[in-house]
Colleague: 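Quick one: structure below, then a few questions.
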Number of protein chains: 2
Amino acid sequence: MRKNPTIRDVAANAGVSIATVSKYINGAQRFTPAVEHNIQAAIDKLGYQSNPLARSMITGKTGSVGVAILDICNPHFTNIVKGANRVALEHGYNLLFVDTEESQAREDELLDALSRRVDGLVVSTRMPEDQLHRILGYGKPVVFSGRPGPKGVPSIGIDAYAAAYMIAEMLVKQGHRNIAYIGFAPARPDRERMRGLVDCLEAHGLPLTRHEVRGPTMAEGERVCSSVLLRKSKPDAVICYNDMVAIGFMGVARSLGMSIPEDLSVVGIDNIPFSRYTSPALTTVDTQSERLGEEGMRLLFRHIAGDLPTTVEHITLEPRLVIRESTRLRVSVPARAGEQGKPRRAKPTSAAVLASCKPAYRRT
Amino acid sequence: MRKNPTIRDVAANAGVSIATVSKYINGAQRFTPAVEHNIQAAIDKLGYQSNPLARSMITGKTGSVGVAILDICNPHFTNIVKGANRVALEHGYNLLFVDTEESQAREDELLDALSRRVDGLVVSTRMPEDQLHRILGYGKPVVFSGRPGPKGVPSIGIDAYAAAYMIAEMLVKQGHRNIAYIGFAPARPDRERMRGLVDCLEAHGLPLTRHEVRGPTMAEGERVCSSVLLRKSKPDAVICYNDMVAIGFMGVARSLGMSIPEDLSVVGIDNIPFSRYTSPALTTVDTQSERLGEEGMRLLFRHIAGDLPTTVEHITLEPRLVIRESTRLRVSVPARAGEQGKPRRAKPTSAAVLASCKPAYRRT
DNA sequence: CAATATGTGGAAAACGTTTTCTTCATGTCG
DNA sequence: CGACATGAAGAAAACGTTTTCCACATATTG
């Protein structure tokens, strides 16, 4: 608990001025070998480390970048952080992050605190459009993640419309006619997904029923399950807001005596690592969470460096359908498709990614 | 990207000195209503927020606390962060955290950076005992999480010995005779768990075979599975280092044609949220991850406040056995025990926690 | 040898706060 | 009415750095 040594201590110990020590440390100037040696000796002896706060005050740089996520318990977001962390370290920055826990008040507080301690932010937020300027108001470069930002502000996300369209197309192809979507309206991508689903299903002349979850969690997936299944016109396929909801949903559905996918197909979104291990293994859409974090951070660093061509405002990553066991296939072959496709293989990591299912349209 | 207003701007705008503004903001002194009104008006007009870096420099307090975890992709750790976050916010602090990714070099770098920006740290680390003083050397209050620290330094963890003993006891009771442990030697709790297993099994005159995983991940659980199962004397029960390993292991075991728990019982450790949803649902030991974070943070705040009685050095939380479907039960009843115990219930959240399985011993 | 370039090192200002000390005006008490 | 306590407000130092400018010694050039 002893006090940390300061640059002054080092200077005194080495018999030079603090300016000299500072310049030596930052390699801003060369000195006589004797002087350099003395300084280094003093630094080693005292275990000196320059105080980043003081340095930040004068340079205006913190050497840190921040990431704000909505829920640390959702692997989608932890993967984003993982990707972001890697790129930040590559750039010699360290990453601080906050979990806003879906709460507006907490988000305000945490972003306030975080924004002053970092050189830039990658932010996931459900804040309405007209509030986003508050985040920009911190005066730090910002990249929005998982949604577009205001005009001129870089952002990154996946093509939620395409993801939804893909799923619907696949389900229809496999013969489903009564499809339900469990949505989460406060979330940004929800609207686009809804559009994708509706567009696709309308093209096939099929209806869509919508249910609502109060949060994108396993617990909510559990809660909503019975009300979805107890409707008079029970769906033959359920698309969940994300994998967390789908996992909770499937758990209850099975305990209600449903067999998946025979009685009911279930689809998630995100392809979190655990979705491979549910029972049955979850069909989902990969949202490239880790790349989202990586590319978001790269975008941020280009933003910080100031070399962002104004043309690049929004990066859209392509979703990929990952078909596993929770969706019924029309053609029933001896071995089910998906991961079971190559049974008795020691390495089952090859998830069946049906890129071929990509719908033939482009988002405008 | 405009510059943030400073206290000087506010003072000028309100026609008072910066000292007055500072005192007003911190509530250190009362002022004439007119003056207070002017200051508040100026603050609102400029959107002023005091610069935490500058404040920290002079007060020596940052208003932040730090948490270092080993892997953000492991829900055990994210739960710790979640608990820690809650308590930190309760205390008016905000939480910064770093993911050291099991890498010593990264840990050094990140802790260096983090320690200067916070008022205290809760640290999970695999660093050998004789290196821990380096962390203490940062001159900040530290609480070690998941392991004991050096003498006199507070720490928190679960009783790993008890957890292991519990599992072994339960497996033996259920009739298993050939038990394997998939360990991860670099981890702190590994040694204690091994002791717990060996002690229990020796008491029953049973052997234990040990296998090694290179990291506590699902991928490693997958990798090690075939070599465990292809041994001449195949085990009838496998205890995995943690739930992640267990989940990976089970995935491959099933794809190798094993039925769990009929052919093989599998047990994890941690009780991560997803362990309820694996196929079959994973029997595990709850390590109270969230409480670990909460209590660790409470300990830290008492440490920061300086009122830690020297008697409280290490808090040990009690593990609880959570029996689900991945372990074979001796007595076969029509409905299997565990979560299936009450079938057809809409709320399957009541995991069967067999506290009765607690072994009759106490750790010394 | 004088004049100039070069390289080494220090003095001091600055960053945006908090805090101590001081000043000054006002109100209170005997 | 004078002495004194009280309260409001400001001046200035401090926190630990970086950075700009300047001084000095030495080396180079004509």
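Lettering follows sequence order; numbering is per chain, from 1.
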Colleague: List for me each residue that meets salt bridge (charged side-chain N to carboxylate O under 4.0 Å, His left out) alongside A:Glu102, sequence neighbours excluded, and say none if there are none.
Modeller: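 For A:Glu102 the salt bridge (charged side-chain N to carboxylate O under 4.0 Å, His left out) partners, ignoring immediate neighbours, are A:Arg126.
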Colleague: Can A:Glu295 and A:Arg298 be counted as an ion pair, charged N to O under 4.0 angstrom?
Modeller: yes
Colleague: Looking at residues at least two apart in the chain, or sitting in another chain, which of them share a side chain to side chain donor-acceptor pair (under 3.5 Å) with B:Ser56?
Modeller: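 Partners of B:Ser56 under the side chain to side chain donor-acceptor pair (under 3.5 Å) test: none.
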Colleague: Does A:Thr32 put a side-chain nitrogen or oxygen below 4.0 Å from OP1 or OP2 of C:dG9?
Modeller: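 Indeed, a polar side-chain atom of A:Thr32 lies that close.
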Colleague: Between the two end axes of the helix from C:dC1-D:dG30 to C:dG30-D:dC1, each built from 5 base pairs, what angle do you get to the nearest 10°?
Modeller: 50°
Colleague: What salt bridge (Lys or Arg N to Asp or Glu O under 4.0 Å) pairs are there with at least one residue in residues 72-87 of chain A, not counting sequence neighbours?
Modeller: A:Lys82-B:Asp71, A:Lys82-B:Asp99, A:Lys82-B:Glu101, A:Arg86-A:Glu290, A:Arg86-A:Glu294
Colleague: Which residues within residues 34-45 of chain A lie with some heavy atom under 4.0 Å of an atom in DNA chain D?
Modeller: none
Colleague: Please name all residues satisfying salt bridge (charged side-chain N to carboxylate O under 4.0 Å, His left out) with B:Asp108, sequence neighbours left out, ordered by chain then number.
Modeller: B:Arg134
Colleague: Give every residue pair that meets the salt bridge (Lys or Arg N to Asp or Glu O under 4.0 Å) criterion with at least one member in residues 28-57 of chain A, sequence neighbours excluded.
Modeller: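 Only A:Arg30-A:Glu36 qualify under salt bridge (Lys or Arg N to Asp or Glu O under 4.0 Å).
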Colleague: Can you sort out the partners of B:Asp190 under salt bridge (charged side-chain N to carboxylate O under 4.0 Å, His left out), two or more places apart, ordered by chain and number?
Modeller: B:Arg210
Colleague: Salt bridge (charged side-chain N to carboxylate O under 4.0 Å, His left out) with B:Asp9: which residues, sequence neighbours excluded?
Modeller: none
Colleague: Between B:Met57 (CE) and C:dA14 (P), how many Å, whole number?
Modeller: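 Atom CE in B:Met57 sits about 16 Å away from atom P in C:dA14.
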Colleague: Taking only residues two or more places apart in sequence, or in another chain, which ones meet A:Thr20 in a side chain to side chain donor-acceptor pair (under 3.5 Å)?
Modeller: A:Ser17
Colleague: Between the protein and nucleotides 17-21 of chain C, which nitrogen or oxygen pairs come in under 3.5 angstrom?
Modeller:
from   : atom 1 : to      : atom 2 : distance (Å)
C:dT17 : OP1    : B:Tyr48 : OH     : 2.9
C:dT17 : OP1    : B:Asn51 : N      : 3.4
C:dT17 : OP2    : B:Ile7  : N      : 2.6
C:dT17 : O5'    : B:Tyr48 : OH     : 3.0
C:dT18 : OP1    : B:Asn26 : ND2    : 3.2
C:dT18 : OP1    : B:Arg55 : NE     : 3.0
C:dT18 : OP1    : B:Arg55 : NH2    : 2.9
C:dT18 : OP2    : B:Ser22 : OG     : 2.5

Colleague: Sort and list the pairs that fulfil ring-ring contact (aromatic ring centres under 6.0 Å, His included) and have at least one residue in residues 35-92 of chain B, not counting sequence neighbours.
Modeller: B:His91-B:Phe301
